[in-house]
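Inspection log for the structure reproduced underneath, given as structure tokens.
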Amino acid sequence: AAIHRRRQRTAEEKTQLEQATANFLRIEADYQEAERQELEIRRSINRVKARLLDRMDDRLEREYYRLLRIDLPAARERLGFLKTRLQSLNYPGVLERRALIAFRFRELTAAQNLYREVIRRGPAEQGARARRNIELIRRMESDGVLRQLEAPAYFER
């Protein structure tokens, strides 16, 4: 009964993991955009500061103050918020789970690609496990013997 229950939930879990991946990638894109905006604000501050060194101008002083005291802290706050959100999501864990599900459906190329992404983004422990699993999949492809992939203890098999 437990095996049957797990197999019925796999499709639903797969869609939820794909949604989690899409959310992570969207947040990551927002983070990169926030980094770009902060860099642009810093460049604007430097340009205004250079023009202020040449002459005194009330309009430039107000712009410099606005950029330095209002825009830059707001950009930093947004960047910090997005960084915290990215760090709170267990994206390598999601990728690893997706790879196991892809393996369960015998989508070996997709599983290998997901494990490569785990190696790139995950901590050392997950990266090492992903390398071992890629090697197991390669062996399975070469000799046709079905092997059990390694997974963390907290993963439901």
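Rounding to the nearest 0.5 Å gives a distance of 9.5 Å between CG of Asp30 and CD of Gln37. To the nearest 0.5 Å, the span separating CD1 on Ile27 from CD on Gln32 amounts to 12.5 Å. Summarising the geometry, atom CG belonging to Leu149 is positioned 11.5 Å from atom CZ belonging to Arg132; distances are rounded to the nearest 0.5 Å. Within the model, atoms CD of Glu12 and CG of Leu17 stand 10.5 Å from one another, a figure rounded to the nearest 0.5 Å.
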### Arg106 and Leu146: CA distance, side-chain angles, deciding distance, side-chain contact (heavy atoms from CB on, under 4.5 Å) verdict
CA-CA 10 Å; Arg106 303 298 183 253; Leu146 185 62; 3.3 Å; yes

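Hydrophobic clustering (side-chain heavy atoms under 4.5 Å, transitive across Ile, Leu, Val, Met, Phe, Trp, Tyr) groups Leu108 together with Leu100. Connection of Met140 to Leu114 is not established within any shared hydrophobic cluster, with ILVMFWY side chains joined at heavy-atom distances below 4.5 Å, either directly or through further cluster members. Residues Val118 and Leu136 do not share a hydrophobic cluster, clusters being chains of Ile/Leu/Val/Met/Phe/Trp/Tyr side chains in contact below 4.5 Å.
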Taking distance alone, no hydrogens or angles, what donor-acceptor pairs closer than 3.5 Å link side-chain atoms of residues 52-59 to residues at least two apart or in another chain?
{"unit_1": "Arg55", "atom_1": "NH1", "unit_2": "Asp57", "atom_2": "OD2", "d": "3.4"}
{"unit_1": "Asp57", "atom_1": "OD1", "unit_2": "Arg59", "atom_2": "N", "d": "3.3"}

Identify every side-chain donor-acceptor pair in residues 63-85 under 3.5 Å, counting partners at least two apart or on other chains, and give the distances.
{"unit_1": "Arg66", "atom_1": "NH1", "unit_2": "Asp71", "atom_2": "OD2", "d": "2.4"}
{"unit_1": "Thr84", "atom_1": "OG1", "unit_2": "Gly80", "atom_2": "O", "d": "2.9"}

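For residues 136-147, the set of pairs meeting the side-chain hydrogen bond (donor to acceptor under 3.5 Å, both in side chains) definition, not counting sequence neighbours, comprises Asp143-Arg147.
Looking at Arg131, its side chain does come within 3.5 Å of a backbone N or O of Gly127 through a donor-acceptor pair.
When each of Arg97, Arg98, Arg104 is checked for a salt bridge (Lys or Arg N to Asp or Glu O under 4.0 Å) with Glu13, only Arg97 meets the rule.
In this structure, Ile119 and Ile134 have side chains that are in contact, with non-hydrogen atoms separated by less than 4.5 Å. Using a 4.5 Å heavy-atom threshold, the side chains of Tyr91 and Leu25 count as touching. Counting only heavy atoms from C-beta outward, the side chains of Arg129 and Pro152 approach each other to under 4.5 Å. The closest side-chain heavy-atom distance from Ile137 to Tyr115 is below 4.5 Å.
The ring pair (Phe, Tyr, Trp, His ring centres under 6.0 Å) search around Tyr31 returns none, not counting sequence neighbours. Residues forming a salt bridge (charged side-chain N to carboxylate O under 4.0 Å, His left out) with Arg121 (at least two apart in sequence, or on another chain): Glu28, Glu117. Legend: residues meeting side chain to side chain donor-acceptor pair (under 3.5 Å) with Glu40, ordered by chain and number and at least two apart, are Arg47.
Inspection of the Arg116 and Asn113 side chains reveals an N or O donor paired with an N or O acceptor under 3.5 Å.
Between Arg36 and Glu33, at least one side-chain nitrogen of the basic residue sits less than 4.0 Å from a carboxylate oxygen of the acidic one, meeting the salt-bridge criterion.
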